[in-house]
Structures are given as C-alpha cells and as structure tokens.
Amino acid sequence: MSGRFAPSPTGALHLGNLRTAILAAASARAGGRGFLVRMEDLDRVTARPEHEAGQLADLAALGITWAGPVVRQSERFDRYEAAIARLAADGRVYECYCTRREIREAASAPHGAVPDGFYPGTCRTLTAAQRAAHRREGRPAALRLDAGGMEVAVHDECFGEYRGVVDDVVLRRNDGVPAYNLAVVVDDAAQGVDEVCRGDDLLESSPRQAALQQLLGLPTPRWIHLPLVLGPDGSRLAKRHGAVTLGELVAGGYRPADVVAWAAETMGLSDPGESCTFEGLVARFDLARLDRRAVRVDGTDPLRTWQHVEP
Ligand code: GLU
C-alpha cells in the first residue's frame, strides 16, 4: 500500500506544495507504505513536460524518493472511461448541455434545497427530444454524476469528521477530458494508494470522492488534509508573494535542506532552529503532534518570517 503526491504540472511547486509533498512522503515512509508521484496532467492546455521535470527535480532535491515510473493521467483516459461506463450502467450518469454561463445563472437563482454553488440539475430530467435538440444545435455534452443528493461523511486525520452533500459533479467535461474527481478516485484505487495527503483546499472534495469510491466499489483511503501555506495578505501562497519556489529560494542562498527543516518546524514536528532532515522527520514522525494551523509567510523571506494562523 502507498501514499502519494499528485501535483498538476502547470508551474513550479511553491512552498505550500513542497510542504505537502514532504508530509506525504514522510507519513508514507513512517507508516511503512510505499510512495508514488502521479502527474495530474488531464488538462493538456495548462500541463507542460518542462513543469513536470522541474517538479520531479525539486522533490528529488528535497530527498524525497518514489517508486516506479511516474504515472501520467493524460495516458490513462481508457481507465476513466471504463469507470464512467460502470456508473452509466448503474443509471448514475446524465448528459449536461449547459454552458458555464447558464450554470452560473441557474446556480444563483433561488432553487430551494440545492446548496450554493451546486449544479441545480437542469439537465438531469431532459427528455430524449430535448437532448436531440441540443445536439442539433451542435452543443457538446458533458457527463455528470446523478448523485441523488447523497450525503457522505469522511474521516480526516487533521480535521476529524467532515460531512458533505454530494453534488452532480462533472465526470467528463464537454471537451471530452475526464474530470479530476473521477480520475483521482480511479487512480488512487488502481495504484494501491491507501493514504492521501494533500492541501486542505481539497477537504471539501473528499465527500464527493468518497461517494464515487462507494459507487465504483473502490476502497476509501486514509485522508490527511494539511492546512495551506498563506501569503502575507492571508490568501493562499502564489507566485506574486515573492520567492516561494525552491529555485527562487536556492537563488536567494537557501539549501533544499532548509526547506525540509522549515516544513518540519511549521508542522510542529521539530523544535525551532533544530534543522531537521527528511530522514530525521521520518524517524520522529507523529501525526498526533502535527500542527493543525495554517502557516502565513512574509514573502520577502518566507523561511525566516512566518507564523501560525489560528483557524
Ligand atoms: N492535482 C491536485 C493539485 O495539484 C491534487 C489532487 C489530489 O491530491 O488529490 O492540487
């Protein structure tokens, strides 16, 4: 069984991504699991081979190792299609012809029980004649899950129980590209991933992913959602916040080992100024001690000037 880190190769990894990767790799090793890296390059417009190479080089520089060749989602569309076919055979899939604008407008109109931002189900009850009319207009269809308003509770190692109503998520976009939520569930199961460690911006996606796991008869992994690293303005860390990538930090005189030590300290797993190495972090790893607060950095020198933020 394995842990994994699954970045999208759309740019350089920043400190927040690197911190998550360090936690994922250390937790997997400490728990006697294997560790995989998977490239979530479903979107061929934004994903680039040079970003993939740069991300892998950064992980290696931090002392993170992974098993086997790196799997790319762009090469696994047949698996995602097989999963969609299985859901369709169970009557759980419908065609959606809505444009983004129609969805925005419909979602902001008052619609009773549907939570804010949810797809209001406009296309769930289309007749065959209505579908044929949309096709004649040349509208491409996305495929959506008919979730039936199911509510799923997941357990997260950081946040405890997290409960959510599952929306009718897109399974295949209207340009034919499989959707993230489906691909991640299919791949984690196919790759034997039983521990998913990632940023807490994806906590709210976990009930819908758990729903897909249930509907596809796949196991649910142990989830660890790590609080994000924030910029000085309190928004999630980004390029505009200054020197935030490994390359930029190294150009400013830091070593990759300094990033590992910073990650261990911000996670509350080493003492201030202790300079914990990756191997040291694995040796002392204790999820119960993990600091569950987000970290806010000062963009001018993020490794030196940072603080925990109360939730
Ligand atoms: N590919 C996603 C990202 O870059 C992470 C998905 C996951 O870990 O489940 O944010």
Side-chain angles (χ1 to χ4, degrees), residues 1-28 33-49 51-56 58-59 64 66 70-77 79-80 83 152 154-159 162 164 166 169-171 173 177-213 216 218-230 235-239 244-246 294:
M1 287 300 171
S2 281
R4 49 72 155 178
F5 180 58
S8 304
T10 54
L13 298 172
H14 60 55
L15 268 180
N17 309 129
L18 297 172
R19 191 172 99 110
T20 305
I22 290 165
L23 179 68
S27 179
R33 294 179 166 82
F35 187 65
L36 306 170
V37 176
R38 180 173 71 234
M39 283 293 154
E40 304 217 316
D41 60 348
L42 286 171
D43 191 332
R44 302 303 284 158
V45 179
T46 51
R48 297 248 193 292
H51 293 318
E52 176 183 320
Q55 292 183 347
L56 294 176
D58 283 358
L59 297 178
I64 294 174
W66 56 91
V70 169
V71 159
R72 294 187 193 90
Q73 291 190 324
S74 59
E75 295 166 1
R76 295 161 72 85
F77 279 24
R79 292 174 184 257
Y80 313 138
V152 177
V154 299
H155 177 75
D156 179 82
E157 298 296 326
C158 265
F159 290 89
Y162 183 82
V166 180
V169 278
V170 171
L171 301 170
R173 300 177 349 189
V177 176
Y180 156 70
N181 283 297
L182 177 81
V184 81
V185 159
V186 168
D187 285 338
D188 281 339
Q191 294 188 280
V193 169
D194 68 339
E195 181 175 277
V196 167
C197 179
R198 58 190 182 188
D200 73 357
D201 52 329
L202 288 168
L203 180 63
E204 63 172 32
S205 289
S206 54
R208 61 175 76 100
Q209 293 175 10
L212 286 169
Q213 284 151 0
L216 289 165
L218 302 174
T220 289
R222 168 178 140 106
W223 267 306
I224 307 171
H225 286 92
L226 181 67
L228 295 184
V229 177
L230 311 172
S235 68
R236 92 167 62 172
L237 196 67
K239 251 193 137 24
V244 293
T245 66
L246 188 60

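All figures in this text were calculated on a predicted structure; none of them were measured in a lab. Each ligand, and each atom within it, is numbered from 1 in the order the structure gives.
Looking at Arg33, its side chain never comes within 3.5 Å of a backbone N or O of Val193 through a donor-acceptor pair.
Side-chain contact between Met39 and Gln55 is present, with at least one heavy-atom pair separated by less than 4.5 Å. Under the 4.5 Å side-chain criterion, counting only non-hydrogen atoms from C-beta, Ser205 is not in contact with His225.
Each of Arg79, Arg76, Arg4, Arg72 was checked for a salt bridge (Lys or Arg N to Asp or Glu O under 4.0 Å) with Asp187, and the lone residue meeting it is Arg76.
Among protein residues, Arg4, Ala6, Pro7, Ser8, Glu40, Tyr180, Val184, Arg198, Leu202 come within 4.0 Å of ligand 1, judged on heavy atoms.
Residue Cys158 holds its SG atom at 8.0 Å from CG of Asp200, rounded to the nearest 0.5 Å. Atom-to-atom distance recorded for Asp188:CG and Thr220:OG1 is 10.5 Å, nearest 0.5 angstrom.
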